[in-house]
Amino acid sequence: MYERMLNKEVVPTVMEMTAYCGKAAELFSLLNEWVSRNYGTEQKIVFPYGNKYGWGIAHRKKGKLICNIFAERDSFTVMIRLSNGQFAAVYDQVRENTQECIDHRYPCGDGGWIHYRVICPENFEDIQKILAVRLS
């Protein structure tokens, strides 16, 4: 369950990545479109961090990485870095399971990285809130 696209030899299309997300395919498409449309990010299909992460879509704005969205079987995971202040600003606006993800972030400087799996509309709403804080 939640397997990623790990074949580095075959570059998938966005359509193939979307189909791979299965039950979460529509949310995968909506999130990528929403980030690009509302925040002017450029999308690029990437295999950025080795075999553990697999294929995803990198969103960049003015060359700066905003997030990576990794296609998974029946889901997708958003990897994003926020400052501690940004995490604090969004913490009370998200659901308890999202707060737990924030609580267990990988620390990095003044902030850290989260890997947030989206499998349902509630997860989608929370990642939109997190991305909005990141991009504001």
Side-chain angles (χ1 to χ4, degrees):
M1 192 171 207
Y2 309 130
E3 299 89 12
R4 292 198 177 171
M5 300 179 85
L6 299 176
N7 185 350
K8 190 174 187 175
E9 304 303 314
V10 180
V11 180
T13 65
V14 172
M15 192 177 299
E16 289 169 333
M17 293 173 76
T18 302
Y20 191 81
C21 292
K23 296 175 187 173
E26 183 179 359
L27 296 176
F28 180 80
S29 286
L30 287 172
L31 188 65
N32 281 296
E33 291 170 16
W34 180 81
V35 174
S36 289
R37 183 180 64 249
N38 290 314
Y39 299 103
T41 62
E42 295 178 17
Q43 296 183 32
K44 183 177 180 184
I45 296 173
V46 295
F47 196 97
Y49 308 111
N51 292 336
K52 180 180 174 186
Y53 291 88
W55 289 103
I57 297 178
H59 282 267
R60 294 183 178 275
K61 187 168 184 175
K62 297 181 182 175
K64 186 174 182 178
L65 180 67
I66 302 303
C67 68
N68 285 304
I69 303 175
F70 295 100
E72 298 174 337
R73 177 93 48 217
D74 290 328
S75 68
F76 58 93
T77 291
V78 179
M79 188 177 92
I80 186 169
R81 184 188 184 286
L82 272 69
S83 69
N84 289 330
Q86 289 169 320
F87 280 123
V90 75
Y91 193 83
D92 290 334
Q93 300 172 32
V94 296
R95 292 169 177 79
E96 186 176 338
N97 66 316
T98 305
Q99 291 174 344
E100 289 174 17
C101 184
I102 292 170
D103 292 341
H104 295 99
R105 66 186 171 266
Y106 181 81
C108 179
D110 174 35
W113 292 89
I114 61 169
H115 294 244
Y116 189 76
R117 179 166 287 128
V118 176
I119 57 174
C120 64
E122 291 79 15
N123 299 145
F124 182 83
E125 291 171 7
D126 280 358
I127 197 61
Q128 280 185 303
K129 292 173 185 173
I130 291 167
L131 282 161
V133 167
R134 169 73 172 91
L135 290 159
S136 62

Sequence neighbours left out, what passes side chain to side chain donor-acceptor pair (under 3.5 Å) with Y39? Give chain and number order. none
For the residue pair I102 and Y116, establish whether any side-chain heavy-atom pair is separated by less than 4.5 Å. no
Nearest 0.5 Å please: distance from the CD1 atom of I57 over to the OG1 atom of T41. 10.0 Å
Under 4.5 Å between any side-chain heavy atoms of I119 and D74, yes or no? no
All pairs passing salt bridge (charged side-chain N to carboxylate O under 4.0 Å, His left out) where residues 21-30 contributes a residue, at least two apart: none
Tell me, please, which residues at least two apart from E16 pass side-chain contact (heavy atoms from CB on, under 4.5 Å). P12, T13
Which residues share a side chain to side chain donor-acceptor pair (under 3.5 Å) with D92, sequence neighbours left out: none
Mind checking what makes side chain to side chain donor-acceptor pair (under 3.5 Å) contact with Q43, not counting sequence neighbours? S36
Side-chain donor-acceptor distances from residues 127-136 under 3.5 Å, at least two apart:
from : atom 1 : to   : atom 2 : distance (Å)
K129 : NZ     : Q93  : O      : 2.9
R134 : NE     : R81  : O      : 3.2
R134 : NH2    : L65  : O      : 2.8
S136 : OG     : A132 : O      : 3.4
S136 : OG     : V133 : O      : 3.0

Just jot down the side-chain contact (heavy atoms from CB on, under 4.5 Å) partners of K44, sequence neighbours excluded, or say none. V46
Qualifying salt bridge (charged side-chain N to carboxylate O under 4.0 Å, His left out) pairs, either residue in residues 47-70, two or more places apart: none
Using the ring pair (Phe, Tyr, Trp, His ring centres under 6.0 Å) rule, collect all pairs that involve residues 74-98, keeping only residues at least two apart or in two chains. F28-F76
With sequence neighbours excluded, give me every salt bridge (charged side-chain N to carboxylate O under 4.0 Å, His left out) pair touching residues 104-126. E72-R117, R95-E125, R95-D126
Can you confirm whether E42 is buried at CD, in the sense that more than 12 heavy atoms of other residues, nucleotides or ligands lie under 6.0 Å from that atom? no
Contacts of Y49 that satisfy ring-ring contact (aromatic ring centres under 6.0 Å, His included) - sequence neighbours left out: Y53
Side chain to side chain donor-acceptor pair (under 3.5 Å) partners of N51, counting only residues at least two apart: none
